[in-house]
Protein chains: 2
Amino acid sequence: MNKKNVIAYCPVDYAFKRIGGKYKGRILWVLRDSCMRYGELKRAIIGITPKMLTQTLRELEADELVSRKVYLEVPPKVEYSLTSTGEELIPLIKQLRSWGEKQMSRN
Amino acid sequence: MNKKNVIAYCPVDYAFKRIGGKYKGRILWVLRDSCMRYGELKRAIIGITPKMLTQTLRELEADELVSRKVYLEVPPKVEYSLTSTGEELIPLIKQLRSWGEKQMSRN
DNA sequence: CCGCATCCTAAACGATACTG
DNA sequence: CAGTATCGTTTAGGATGCGG
């Protein structure tokens with residue numbers, strides 16, 4: 001657990017710190033029903049730079065929402081998947097999506 | 001609707017843009033079952049400065065999650081309450097809170 | 001293939017003082 | 001009471017190039 005937790009006195013804030021940020025929601029969502037390799041994620045999350053992808057994945061990993069499995073092969077292979085804690089968020093993200101979709105179509 | 005919507009191609013991002021930020025979740029939450037005056041909100045959201053409170057309320061208002069009612073009295077009185085769209089978010093925030101609480105007690 | 005290092009910009013947030 | 005105004009700090013995010 002990182003430093004942010006210490007000051008996250010409020011559960012709402014705590015949750016937002018963990019799944020907020022520009023790409024975390026999208027990454028968790030695309031990982032919802034299968035693991036993915038780094039390159040697959042890079043293609044799936046349109047517009048993300050390698051730096052941000054790595055950085056975001058590291059944060060998700062530190063928060064134990066995503067796990068990282070390295071295969072010692074050449075060429076390298078790394079797979080990312082949701083942890084059980086991460087999976088608990090999927091229904092929640094699903095609802096967020098529904099709400100978002102509904103709002104977006106209000107025009 | 002503001003400019004952010006245009007680039008929010010993804011519903012997850014769209015939702016996060018609307019309820020993310022340091023205080024939005026907390027403000028929506030404290031407004032869940034009654035309207036509140038500016039000063040009440042200021043006391044309820046510990047640590048917020050008047051600048052951030054006003055700024056955040058204006059954004060929530062622009063996104064039609066909160067409505068602002070001004071009473072033309074002396075001294076001034078302004079009441080904030082959830083709109084129906086804002087109310088739709090409450091069950092979602094409730095779940096976020098539950099998840100957050102559960103995670104926070106994992107230590 | 002899967003990153004890391006460096007530098008940089010922009011946006012969010014904060015401190016403080018003041019006002020109709 | 002319910003805000004504004006100004007300025008400063010901090011952090012998130014982006015561009016680009018290199019490396020095992």
Side-chain angles (χ1 to χ4, degrees), chain A residues 2-10 12-13 16-27 30-31 35-63 66-81, chain B residues 2-10 12-13 16-27 30-31 35-63 66-81:
Chain A
N2 61 38
K3 229 180 334 179
K4 288 181 178 176
N5 300 24
V6 182
I7 57 165
Y9 36 87
C10 167
V12 181
D13 284 2
F16 272 125
K17 289 225 171 64
R18 270 163 190 55
I19 61 176
K22 192 164 181 180
Y23 303 105
K24 287 187 179 177
R26 285 165 71 191
I27 291 177
V30 299
L31 284 175
C35 63
M36 290 179 81
R37 296 180 58 171
Y38 182 90
E40 290 182 290
L41 280 168
K42 177 123 182 41
R43 283 186 296 277
I45 313 293
I46 309 281
I48 198 169
T49 61
K51 181 202 150 183
M52 284 310 296
L53 179 53
T54 301
Q55 182 179 309
T56 308
L57 285 169
R58 292 290 181 279
E59 289 173 15
L60 291 170
E61 202 190 345
D63 287 338
V66 156
S67 71
R68 179 172 181 263
K69 179 163 188 186
V70 182
Y71 295 85
L72 295 175
E73 306 171 357
V74 180
K77 176 178 172 184
V78 182
E79 279 183 351
Y80 294 91
S81 59
Chain B
N2 61 37
K3 233 184 324 184
K4 287 183 178 178
N5 300 23
V6 182
I7 58 166
Y9 34 89
C10 167
V12 182
D13 284 3
F16 274 124
K17 290 223 171 65
R18 262 151 201 65
I19 60 175
K22 191 161 180 181
Y23 303 105
K24 287 186 179 176
R26 285 164 72 190
I27 290 177
V30 299
L31 286 175
C35 63
M36 290 178 80
R37 297 179 61 168
Y38 183 89
E40 291 181 290
L41 280 168
K42 178 123 182 43
R43 283 186 294 279
I45 312 293
I46 309 281
I48 199 169
T49 61
K51 180 200 152 186
M52 284 310 296
L53 180 54
T54 301
Q55 183 179 310
T56 308
L57 285 169
R58 292 291 182 278
E59 289 173 15
L60 291 171
E61 200 189 348
D63 287 338
V66 157
S67 70
R68 176 170 182 266
K69 178 162 190 187
V70 182
Y71 295 85
L72 295 175
E73 307 172 351
V74 179
K77 174 177 172 184
V78 181
E79 279 183 348
Y80 293 92
S81 58

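All chains are named by letter (A, B, ...) in the order of the sequence lines, taking the proteins before the strands, and each is independently numbered beginning at 1.
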Exercise: identify the closest heavy-atom pair between B:Val30 and B:Ala44: CG1-CB, 4.5 Å
Check this one for me: any side-chain N or O of B:Arg37 less than 4.0 Å away from OP1 or OP2 of D:dA2? yes
Reported CD1-to-OH distance for the pair A:Ile46 and A:Tyr23, which is rounded to 0.5 angstrom: 11.0 Å
A:Leu57 CG to C:dC2 C1', in whole Å, measures 11 Å
For A:Tyr38, the side-chain hydrogen bond (donor to acceptor under 3.5 Å, both in side chains) test, sequence neighbours excluded, returns A:Thr54
The residue among B:Arg58, B:Arg18, B:Lys17 that forms salt bridge (charged side-chain N to carboxylate O under 4.0 Å, His left out) with B:Asp63 is B:Arg18
Are any of the side-chain nitrogens in B:Asp13 or A:Arg26 under 4.0 Å away from the carboxylate oxygens of its partner? yes
Can you check the B:Leu72 CG to D:dC1 P distance for me, whole Å? 18 Å
In whole angstrom, give the distance that lies between atom CZ of A:Arg58 and atom C1' of D:dG13. 17 Å
Within this structure, what is the CG-to-P distance between A:Asp13 and C:dC13, rounded to whole angstrom? 11 Å
Can you tell me how far P of C:dC2 sits from OH of A:Tyr71, to the nearest Å? 12 Å
What is the distance, to the nearest angstrom, from the CE atom on A:Met36 to the P atom on C:dG3? 14 Å
Under the side-chain hydrogen bond (donor to acceptor under 3.5 Å, both in side chains) rule, collect the residues that match up with B:Ser81, sequence neighbours excluded. B:Ser67
Nearest to the side chain of A:Tyr23 - D:dA2, C:dC4, D:dG14? D:dG14
Tell me whether the OP1 or OP2 atom of D:dC1 has a side-chain N or O from B:Tyr80 closer than 4.0 Å. no
With a 4.5 Å cut-off on side-chain heavy atoms, are B:Leu57 and B:Arg68 touching? no
Under a 4.5 Å cut-off applied to non-hydrogen side-chain atoms, are B:Leu41 and B:Ile48 in contact? no
With a 4.0 Å heavy-atom cut-off, tell me which residues in residues 43-52 of chain B come close to DNA chain D, sorted by residue number. B:Pro50, B:Lys51
Show your working on side-chain contact (heavy atoms from CB on, under 4.5 Å) between A:Lys69 and A:Val78 and close with a plain yes or no. CA-CA 6 Å; A:Lys69 179 163 188 186; A:Val78 182; over 6 Å; no
Listing time: all N or O pairs from protein to nucleotides 18-20 of chain C that are below 3.5 Å?
none

Excluding sequence neighbours, so at least two apart, what forms side-chain hydrogen bond (donor to acceptor under 3.5 Å, both in side chains) with B:Glu79? B:Tyr71
For B:Lys77 and D:dA2, what is the distance between atoms NZ and P respectively, to the nearest whole Å? 9 Å
Identify the heavy atoms of A:Leu60 and A:Ile27 that sit nearest to each other, and give their distance. CD1-CG2, 3.8 Å
Enumerate, in order of first residue number, the stems that involve DNA chain C, defined as 3 or more consecutive Watson-Crick or G-U wobble pairs with both distances under 3.5 Å. C:1-20 with D:1-20
Here the distance between atom C1' of D:dG14 and atom CD of A:Gln55, to the nearest Å, is 10 Å
